[in-house]
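Worksheet for the structure shown next.
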Protein chains: 2
Amino acid sequence: MGLKEYVCGLEAALDVIGGKWKVLIMWPLKNGASRFGELKREVPGISEKMLIQSLKEMELDGIVLRQDFKEVPPRVEYSLTEFGRSLCDALQPLCLWGEQHMKRIEACKEQCEMQRREKEEKAQALSHAST
Amino acid sequence: MGLKEYVCGLEAALDVIGGKWKVLIMWPLKNGASRFGELKREVPGISEKMLIQSLKEMELDGIVLRQDFKEVPPRVEYSLTEFGRSLCDALQPLCLWGEQHMKRIEACKEQCEMQRREKEEKAQALSHAST
DNA sequence: TATTAAACTTACCTTTAGGTATGTACTTGT
DNA sequence: ACAAGTACATACCTAAAGGTAAGTTTAATA
């Protein structure tokens, strides 16, 4: 598994925006730079660990710029690079698609959850019966 | 965590195409229906378990249609629904973006890997020293 | 009667992602 | 001397994703 070999462009793109948080971090940054603490508030539910971890990877990928003002207490601002903005543009249609079909998707995922639970319960019942 | 609440359309969309395999399964299906065995060959590296698991979820999400010909040995064909094709269209720009910057992304990810390994080795060295 | 072929299914295991909680560094203001 | 404020770092744990390998079903055919 030395070097990555992407089958298609999508695989590469998803490798950049993969994970639970990255797109949620990108979206507020479209309106301009944010400090670490601000971002934490703008992305509700994220932990500090996930926030810096994501930001670091996004910086490495070149879609986010980190600017350290060398003050105490620390002041660091994050913003989108040109590259990052081009990624946002490419994501726009997908975002729209998601918005248009959000209700439907939510319903499907709930359905999924229900099936998962049923299966889990069935498995539990079986394991109880065997003891 | 009862019901899902998506912050933006992207979150919903990524919930549909999330995971390692789904887009890789969708792409060959753009050229028409495929049997299970065909898909297995068209998506190199995928296991049978991951293939049906993904296909089932995609069917539930309404982006893939499963057609069982009730033959023996079994013959089942999978194809994209209208909804699935609309998703493909929405993915096109992202796919293009990924293709255009594939080299750059590959390089970044290798860089990432290297950092991870360094860190791992450092941690190992420390744990050895402490014993 | 045994075999074959295709599409699953299941059990078990390893790896990775993500969550929680606590600690650190540094300087300004008290 | 010390408390406060901000951006991290680190250790530990749980849950989810994914991999491997073996088994199951069915009717036609040898």
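Note on naming: letters A, B, ... go to the chains in the order of the sequence lines (proteins, then strands), and numbering restarts at 1 for each one. A quick note: this is a predicted structure, and the numbers were derived from the prediction, not measured.
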How far apart are the closest heavy atoms of [X] and [Y], and which atoms are they?
{"X": "A:Leu39", "Y": "A:Pro28", "value": "CD2-CG, 4.2 Å"}
{"X": "A:Met26", "Y": "A:Ile17", "value": "SD-CG2, 4.4 Å"}
{"X": "B:Thr81", "Y": "B:Val64", "value": "CG2-C, 3.8 Å"}
{"X": "B:Asp68", "Y": "B:Arg75", "value": "OD1-O, 3.7 Å"}
{"X": "A:Val43", "Y": "A:Leu24", "value": "CG2-O, 3.5 Å"}

Distance test, side-chain N/O of B:Lys20 to OP1/OP2 of C:dT16, below 4.0 Å: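 No, because none of the side-chain N or O atoms of B:Lys20 sits under 4.0 Å from OP1 or OP2 of C:dT16.
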Provide, to the nearest angstrom, the distance between the [atom1] atom belonging to [X] and the [atom2] atom belonging to [N].
{"X": "B:Gln67", "N": "C:dC8", "atom1": "CD", "atom2": "C1'", "answer": "18 Å"}
{"X": "B:Leu51", "N": "D:dG19", "atom1": "CG", "atom2": "P", "answer": "12 Å"}
{"X": "B:Glu71", "N": "D:dT29", "atom1": "CD", "atom2": "C1'", "answer": "16 Å"}
{"X": "B:Leu39", "N": "C:dC8", "atom1": "CG", "atom2": "C1'", "answer": "14 Å"}
{"X": "A:Lys22", "N": "C:dA17", "atom1": "NZ", "atom2": "C1'", "answer": "11 Å"}
{"X": "B:Gln53", "N": "D:dA17", "atom1": "CD", "atom2": "P", "answer": "8 Å"}

Qualifying ring pair (Phe, Tyr, Trp, His ring centres under 6.0 Å) pairs with a residue from residues 78-107 of chain A, counting only residues at least two apart or across chains: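 Residue pairs passing ring pair (Phe, Tyr, Trp, His ring centres under 6.0 Å), neighbours aside: A:Phe83-B:Trp97, A:Phe83-B:His101, A:Trp97-A:His101, A:Trp97-B:Phe83, A:His101-B:Phe83.
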Can you give me every donor-acceptor pair (side chain of residues 53-60 of chain A, partner residue at least two apart or in another chain, under 3.5 Å) with its distance?
residue	atom	partner	partner atom	Å
A:Ser54	OG	A:Met50	O	2.7
A:Glu57	OE1	A:Lys22	NZ	2.6

With sequence neighbours excluded, residues passing side-chain contact (heavy atoms from CB on, under 4.5 Å) with A:Ala33: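 Counting only residues at least two positions away or on another chain, A:Ala33 forms a side-chain contact (heavy atoms from CB on, under 4.5 Å) with A:Glu77, A:Ser79.
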Please enumerate all protein N or O atoms sitting under 3.5 Å from an N or O of nucleotides 7-10 of chain D, with distances to 0.1 Å.
residue	atom	partner	partner atom	Å
D:dA7	OP1	A:Arg35	NE	3.0
D:dA7	OP1	A:Arg35	NH2	3.0
D:dA7	OP2	A:Gly37	N	3.1
D:dC8	OP1	A:Arg66	NH1	2.3
D:dC8	OP2	A:Tyr78	OH	2.5
D:dC8	N4	A:Glu48	OE1	2.6
D:dA9	OP2	A:Lys56	NZ	2.6

Of A:Ile46 and A:Pro73, the one whose closest DNA chain C nucleotide lies more 5': A:Ile46
Selected nucleotide, minimal atom distance to B:Met50 side chain, candidates D:dT26, D:dG19, C:dT27: D:dG19
A:Trp21 side-chain proximity, nearest of C:dA5, D:dG19, C:dG18: C:dG18
Relative orientation of the end axes in the helix from C:dT1-D:dA30 to C:dT30-D:dA1, expressed as an angle to the nearest 10° (five pairs per end):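 Overall, the helix from C:dT1-D:dA30 to C:dT30-D:dA1 bends by 30° from one end axis to the other.
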Pairwise salt bridge (Lys or Arg N to Asp or Glu O under 4.0 Å) hits with a residue in residues 26-45 of chain A, at least two apart: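 Salt bridge (Lys or Arg N to Asp or Glu O under 4.0 Å) check on residues 26-45 of chain A returns A:Lys40-A:Glu48.
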